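Keep in mind that this is a model prediction, so the values were computed, not measured. So you know, we letter chains A, B, ... as the sequences are listed, proteins then strands, and number each from 1.
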Amino acid sequence: MKQDFSLLVIVAVVWAVLALLYATVPMFHMPGYAAVWGLGAVVFLALAAAIAAASRRERKRHEHHGEASHE
Amino acid sequence: MTPHPLLDHLKQLPAADKRLLLAFFGAGLVTLALGVLAGAGTALVRAGLIDPAPYFGYRLMTMHGINIFFYWLYFAQAGLLLAFSATHAAHARHMEWRRLAWLGYAAMVAGFVLSQVGAASGVPLLYDAPPELARFASAAVGSIYLGYLSLALGLFCVAVSAVASVVLPRFAGRTVSLSPIGFASIAWAGLLMVSALAAVNAFLPAALWAFEKGPLPEDYATGWHVLFHNMHYLPLMATVVTWYVLVKALFGIESIFGPRFSKIVFSTYLIFVPPTSLYHMFLEPGLAEPVRVVGSLLSLFISVPTVLVFLIIVASLETHARAHGASGLFGWIRMLPWRNPVMAAVGMAVVNLAAGGALSFVLIQEKLAPLLSDTFFVPGYFHFLTVGTVTLTFLGALCYLIPGLTGRPLWNPRLLAGLPYLATAGLALFGTAGVIAGYLGAPRRVLDLSYAGDAPASWQVLMGVVGTGGMLMAIALILYILALAVTFLKRAPQAAALDFGLPGWNLAGAVPARELAWTGPLSILILVGTMALFTVVAFEMIKAAPLAAIGSGAH
Amino acid sequence: MKEHSSPPPSHFTTRRGFIVAAGFGVVSLYGLWAAYGAAPLRLKAHDEDAAPDHMGGHGGHGRARGPDVDAFRRQTEEFIEANKLPDGSVRPARGNAALLAATEKAHHALHDPEQREKLALPTAAQNAGKRAANAPDVYLAAYQWGFLPAVLRLDAGVPYRFHMMAVDVTHGASLRVGRGGHIIRLRAGTLVERELRFTRPGEYLVYCTIYCGMLHDRMQGKIIVA
């Protein structure tokens, strides 16, 4: 799951950088592109967060089962 | 056919899930049929074989574009994404958030209806529907944009449901890690969500204008190009994910490079989408020259994800096939189960991808845009991809999924195994003639190319060949739709064997040791050589043209 | 004792690095682009005395404000009025452009750099600047559904400064030249300026390459080059 999270974060970063480029560099100034790539970065960050949350839940479940089996 | 967990999982899905998936696939086939009939009509008009009133010809073209590019490709993708996400999260046994997916389906159907109303009334705007062409705001124009917005809402809902199907089993402790297809489903769903947002960016201002709630959008073209670029990548990504699934189903094998490598390759689709988007705008006046140059350079990477997936699949197949006795450079290809309709569809999809891919690389060079960008070269090449690669792959998948969901055997598999070849033959005529016409300057989106006798006679001759190829494609696709509809509707005894008696080749079990895989790299060499050839032709034509264009600017 | 034998090495065609390298193989097309001078990294040294680049794309205007649609219509009508012929076609005045073209032709006839320097002939760059200043102006408006003027009469070898605008919706003012076409996209209300020089006599179809409505395929003009 760590790889899944990392890959989605990398995607979000690439999209965010490009959104910044389109928004700030005069030669590339295209607000529509900036908005879509920026929103896209948010979407992929959200997906990464969902995967991270699922991983945390899985780790807690393992810890809980580990404690229960020692009792 | 090799018994495979996918068929097992499909059979074990709850009836409600099956109904939803079949609803998506059924809607997709209906929209494909409408789009194909409209496309066939357009081809006949362009070939001069029928001569309707001008509005009617462009209306056919509009309905063709809307129904194929927006509705067929996206109903099919929605169904495939939901099917894969529900069956490829380990231990998953059902779809999550099914009601949200049904809401998505309803929104997509509503969008389809609205778009047909818009396409059938008012000024035909073609599928990109620039509001400036409508001249006056009206409900008829507005329904096209509302239709697209409703489709976008529907796809967003479907994508969220698919992500839930992959991620929620993890929350419930039912799965340990994401499979490559599970990860790909999330990436695919993410790109669908972004495309939905891009659709809102493009069409909401236009819809507000059409209903007199806002001004005429100033830069509709840019909003369209952003969406259009995403809509190029989505079907390709969906296609290669489907290949992964089907190769496992047909042969029982997975990538020899491991799941981590596959996930990295799937994520390259998302990494390369934004930077490679500028080539759609090369002809826009006012686009700075450095932007064109940088856009060209970055666009070189556009095919890297698809090529990587192709290499992974081919190398994995070839090494397993050699381990099972295949010999000679291409002997393993002959041993593939070509009489299986799924194999035939995927095999021809790969062939058509090579043709379309090689041609597409001419268009990403900004210096060649003035020669080719708005000519018939464009539909000439992209039908290799939309029909020959994406649609054949999706239909091949349905040859597997519809029997898997209904439990009924595929109707007339011999016919279905032959249809990819018929479609490809039609494409060869359509694409070759179309590309040549484009090189010779023939414009796209024109019904009558004679220009009162001032146009070269070759344009009309080539459009005749385009029309013939188009009819062959249309026949193949209509037969596909009919065969799948009969499979779905015909009451037949439930097939006892999961594989329905279709030929297959079980390659599972053998671990290749020091097997070689030459087919992939040789294919890339041929592909690059072909790209170079088409590019050289274009450059030489520009050099030989009796026109020097110096300095350009826009205000 | 059990020996652990390492797995047999995989063939290089099945190594991940090779797959990645092959996957990026299509990027090698850059080399071809560079060979044609269509990439930032040029393989050939740029020759200042060479003929004007047929690929176009040398610099451009700054982003100054251009005329609006009404002003451009007026300029086009004035251009037509000033240059129209009895048959309705339009032939723009040539000015100094023909003299410069003849001078450049003589310059290219002399391959010896010393000879060129002795005769103090202008370089191609200087000529380009002079051409820009002296090229006859041509105004071309695209509208639903035609071009104004519909027929232009030009001279071969003479550079013309085209001022083009779509005055209602987006059009293409595309030229069928030689075996192929040269596409110019015109957004409504946006002035596009381009210097064009026809190198061979002939009749060249002007046609619209952006769908612009019901009679899109009737939209045509002509450039007759003598």
Of the listed residues ([options]), which shares the most heavy-atom pairs with chain C below a 4.5 Å separation?
| options | result |
| --- | --- |
| Thr535(B), Leu133(B), Asp128(B), Ile312(B) | Leu133(B) |
| Thr268(B), Val536(B), Val123(B), Val309(B) | Val536(B) |
| Pro456(B), Ser373(B), Gly258(B), Gly438(B) | Pro456(B) |
| Val446(B), Val307(B), Leu372(B) | Val446(B) |

Which answer fits [X], side chain, backbone, both or neither, if we ask what part of it has an atom under 4.5 Å from a heavy atom of chain B?
| X | result |
| --- | --- |
| Met219(C) | backbone |
| Arg176(C) | side chain |
| Ile184(C) | neither |
| Val225(C) | neither |
| Ile19(C) | both |
| Tyr204(C) | side chain |
| Gln144(C) | side chain |
| Thr14(C) | both |

Measure [X] against the heavy atoms of chain C and call it side chain, backbone, both or neither at under 4.5 Å.
| X | result |
| --- | --- |
| Ile302(B) | neither |
| Ala134(B) | neither |
| Met541(B) | side chain |
| Leu525(B) | neither |
| Ala455(B) | both |
| Ile364(B) | both |
| Pro130(B) | neither |
| Leu440(B) | both |
| Val265(B) | neither |
| Leu371(B) | both |
| Tyr451(B) | both |

Residue among His182(C), Met165(C), Arg16(C) with most heavy-atom pairs under 4.5 Å to chain B |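 Counting heavy-atom pairs under 4.5 Å, the top option is Arg16(C).
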
Ser316(B) side-chain N/O to Ile256(B) backbone N/O, donor-acceptor pair under 3.5 Å |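 Flag set: sc Ser316(B) to bb Ile256(B) pair under 3.5 Å.
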
Is it the case that Arg59(B) places NZ or CZ above or below the six-membered ring of Tyr55(B), under 6.0 angstrom from the centre and within 45 degrees of the axis?
->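 Geometry flag: set, cation within 6.0 Å and 45°.
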
Parallel, tilted or perpendicular: rings of Phe24(C) and Phe301(B) (30°, 60°) |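 The arrangement is perpendicular - the two ring planes meet at more than 60°.
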
Is the gap between the ring centers of Trp518(B) and Phe12(C) under 6.0 Å?
->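 Yes, they do, as the ring centres are separated by less than 6.0 Å.
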
Decide yes or no on side chain to side chain donor-acceptor pair (under 3.5 Å) for Glu132(B) and Thr170(C), but give the supporting numbers first.
-> CA-CA 8 Å; Glu132(B) 60 169 9; Thr170(C) 302; 2.6 Å; yes

Could you tell me whether Arg218(C) and Asp448(B) make a salt bridge, using a distance below 4.0 angstrom between a side-chain N and a carboxylate O?
->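 Salt bridge present between Arg218(C) and Asp448(B).
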
Would you find more than 12 non-hydrogen atoms of other residues, nucleotides or ligands less than 6.0 Å from Arg322(B) atom CZ?
->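 Yes, because the 6.0 Å sphere around CZ of Arg322(B) holds more than 12 heavy atoms from other groups.
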
